[in-house]
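All remarks here apply to the structure that follows.
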Amino acid sequence: MLSRRHFTLSAAALGVTMLGVSGCSRPSERTTEDLSSDVGMTDAGTPIVTEELTLAFGGAKSALAPDFETMELVETWKADSGIEITWNNEPDEVWAEKKNLLLASGELPDALFNTGLSDAEVAKYGANGTLIALEDLIEDHAPTLAGILAERPDIKAAITASDGHIYTLPSVEEMGLVEFPRMLFLNTDWLEELDLEMPTTVEEYHQVLLAFKENVPGGVLPLSFLEAGDIADLIAAIGGQADNADHRVVEDGKVVYTANTDGFREAIAELHIWYGEGLIDQESFSQDYVKFVSKGKADPQTLGSFYFWEIPEVVGPERADQYAIVPIFPGPDGVQRACVANNQEINRGAFAISRTNEYAAATLRWADMLFDPVMSAQANWGPIGISQEINGDGLLEQIPVGEGETEQERRVKVAPGGPKIITAKDFETVVLAEPRAAERQAQIAEHYEPHRANEKYPPVMLSVDELNRISTIEADIKTLVTEKVATWIVKGGIEDEWEGYVAQLETIGLPEVVEVYQTAYDRFTSNT
């Protein structure tokens, strides 16, 4: 058997690697001859090779996921392709610490699966040759992916670096969910008890929160959330300014920063009044997920309203029917603004091939297997017969989970993820959305999509130069804005400090950040 070495780093090797990072010599250019023909790589279809071949893959996985080689779907991949994979995928937190040291060393895996690479890392390791360019290999050896990219230039543009090369393969799931990551949910049982109607304006919502505070016993929390970025829709309703967690939106093709506008200022000033009235959870700027959801499940009930992804995860399934979505409130000009987040459905970094791989063509043929839409659906949710079945219409459909298990818990145990593309069209012709996802799609279609307030910033890959220009500036801006927003809502003072704050943003370098994002946006749109 042709065997690839296992990759581990000893303490001594780690020390050498860290020195290598600081001294940073350029890795040698890829000179490895492709030996795929030596293991009988076929022209098309499966098996991919006719002789034994073992490749080493590394990357991230869920902490709840078993070893990949034990998954039924991974066994299917092995049987279909004729390629055996030695898997070394670590829990997300462990891989996040390990990947840079591994990539900077000479002990590279053949490929990265669920790479966990940031755009900056892709740019860095692509430019220095650690990750190989894939566009020619895609054209020659990945017919499924090549066909999709020809039909979807936006996906191709999203995975193409500013130097014109493709270093990583995508993970795409077009369900239309991530653009609206937070919804406002309200306790309708309390509304009924207090003989109140579902609010349709900010003023009515304010009065409902006051009623909850004054009339519901037991330490009620009228409004709670995890962080200020969750309440973009409320900021938009009060101040008339579309916003999101990045404070970066696109309006009429122009990149707009939102946290220095008059509408933003007016919204934060109003929320300070609400905080003084005891309507906002005092821990909303400091609590973690565990503490937040514990409040939803507290006995007696404490949450009057909250911003989150869905209801059951916060309050539990037994209380889910006691809460309902609050419609988008109109702003001061009467316009309802559902703020669009910059979360992407086209994600880079699902798969990459390292410069030491001697079988790059066969490896990419292996990855191309996963872009078949039926296989992509299984990589995403699990194999047919385990978590999915073919219904009477010929579509993949989720098998109901067993007692005591959630869809997400099952999913991480049977679905390895990795490179995949499931388009909006595939959700009509190949696979049905999970029940919870289908419910959310309906909620978005009814309450959010009709009031889309802005374009989201597209999945642009910044160049190394662009990243170097703005990374420090952007971090400083984020720190300033996060601290100021929390302070102003809790303690007030925005009226006196606003002009100085706006000037400080300019001094830090906000205009340069906006310029870089605008240039990258224009580059992206010209290629789609």
Side-chain angles (χ1 to χ4, degrees), residues 138 142-160 166 168-183 244 249-250 309-310 325 338-351 367-382 384 387-398 407-408 411 415 417-461 521 524-525 527-528:
I138 291 171
T144 302
L145 177 57
I148 295 172
L149 297 184
E151 293 181 3
R152 292 290 304 272
D154 57 324
I155 297 178
K156 183 175 182 180
I159 63 175
T160 301
I166 295 173
T168 64
L169 303 184
S171 171
V172 179
E173 180 186 320
E174 293 184 329
M175 300 184 71
L177 304 183
V178 297
E179 292 181 326
F180 304 102
R182 294 292 183 260
M183 296 181 176
N244 58 33
V249 302
V250 179
W309 177 262
E310 62 180 5
I325 294 175
C339 298
V340 181
N342 292 329
N343 301 327
Q344 303 298 334
E345 293 184 312
I346 302 173
N347 294 293
R348 297 178 282 271
F351 191 83
D368 195 51
M369 278 194 318
L370 277 61
F371 289 110
D372 173 85
V374 173
M375 187 56 75
S376 282
Q378 294 180 83
N380 206 33
W381 290 290
I384 297 171
S387 58
Q388 301 185 83
E389 59 187 358
I390 302 174
N391 67 14
D393 296 321
L395 301 177
L396 293 178
E397 186 172 7
Q398 296 291 306
E407 292 171 350
Q408 181 62 19
R411 180 177 181 176
K420 57 187 179 290
I421 296 178
I422 310 162
T423 65
K425 183 179 179 181
D426 291 331
F427 281 109
E428 299 174 358
T429 60
V430 176
V431 59
L432 297 178
E434 294 174 289
R436 61 176 181 163
E439 179 182 5
R440 186 171 178 83
Q441 284 177 320
Q443 293 169 340
I444 288 173
E446 178 181 357
H447 297 288
Y448 283 76
E449 189 61 45
H451 310 298
R452 177 182 288 265
N454 59 277
E455 299 175 56
K456 70 178 177 184
Y457 192 81
V460 178
M461 186 181 295
Y521 173 85
F524 179 87
T525 54
N527 292 326
T528 57

Over all atoms of both residues, closest heavy-atom pair of [X] and [Y]:
X: A415; Y: A379; result: CB-O, 3.3 Å
X: A377; Y: Q388; result: O-NE2, 3.2 Å
X: L395; Y: V431; result: CD2-N, 4.4 Å
X: Y521; Y: V460; result: CA-CG2, 4.3 Å
X: I159; Y: T168; result: CB-O, 3.9 Å
X: A433; Y: A438; result: CB-N, 4.1 Å

How many angstroms lie between [atom1] in [X] and [atom2] in [Y], if you round to the nearest 0.5 Å?
X: R452; Y: E449; atom1: CZ; atom2: CD; result: 4.0 Å
X: L432; Y: Q398; atom1: CG; atom2: CD; result: 9.0 Å
X: T429; Y: L396; atom1: OG1; atom2: CG; result: 10.5 Å
X: T160; Y: L149; atom1: OG1; atom2: CG; result: 8.0 Å
X: E455; Y: N342; atom1: CD; atom2: CG; result: 11.0 Å
X: E434; Y: E439; atom1: CD; atom2: CD; result: 12.0 Å

Which residues satisfy the salt bridge (Lys or Arg N to Asp or Glu O under 4.0 Å) test with K456, sequence neighbours excluded?
-> E179
Output yes when a side-chain donor or acceptor of [X] lies under 3.5 Å from a complementary backbone atom of [Y], and no otherwise.
X: N343; Y: V178; result: yes
X: R411; Y: S387; result: no
X: Q441; Y: G176; result: no

Flag side-chain contact, heavy atom, 4.5 Å: K425 against P373 = no
Is any side-chain heavy atom of I444 less than 4.5 Å from a side-chain heavy atom of M183?
-> yes
I would like to know whether V340 and N244 meet side-chain contact (heavy atoms from CB on, under 4.5 Å); could you show each step before the answer?
-> CA-CA 7 Å; V340 181; N244 58 33; over 6 Å; no
Measure up the F427 and W381 rings against each other and bin them: parallel (under 30°), tilted (30 to 60°), perpendicular (over 60°).
-> perpendicular
With sequence neighbours left out, write down each residue that passes side chain to side chain contact (heavy atoms under 4.5 Å, CB included) with T144, or none if nothing qualifies.
-> I148, D368, F371
Side chain to side chain donor-acceptor pair (under 3.5 Å) involving Q408 - partner list, sequence neighbours excluded | R436
Please name the residue in the list L370, N380, I346, V172 that meets the side chain to side chain contact (heavy atoms under 4.5 Å, CB included) test with I421.
-> V172
Pair R152 + E174, salt bridge at N-O below 4.0 Å = yes
Worked check of side-chain contact (heavy atoms from CB on, under 4.5 Å) between F180 and Q443 = CA-CA 10 Å; F180 304 102; Q443 293 169 340; over 6 Å; no
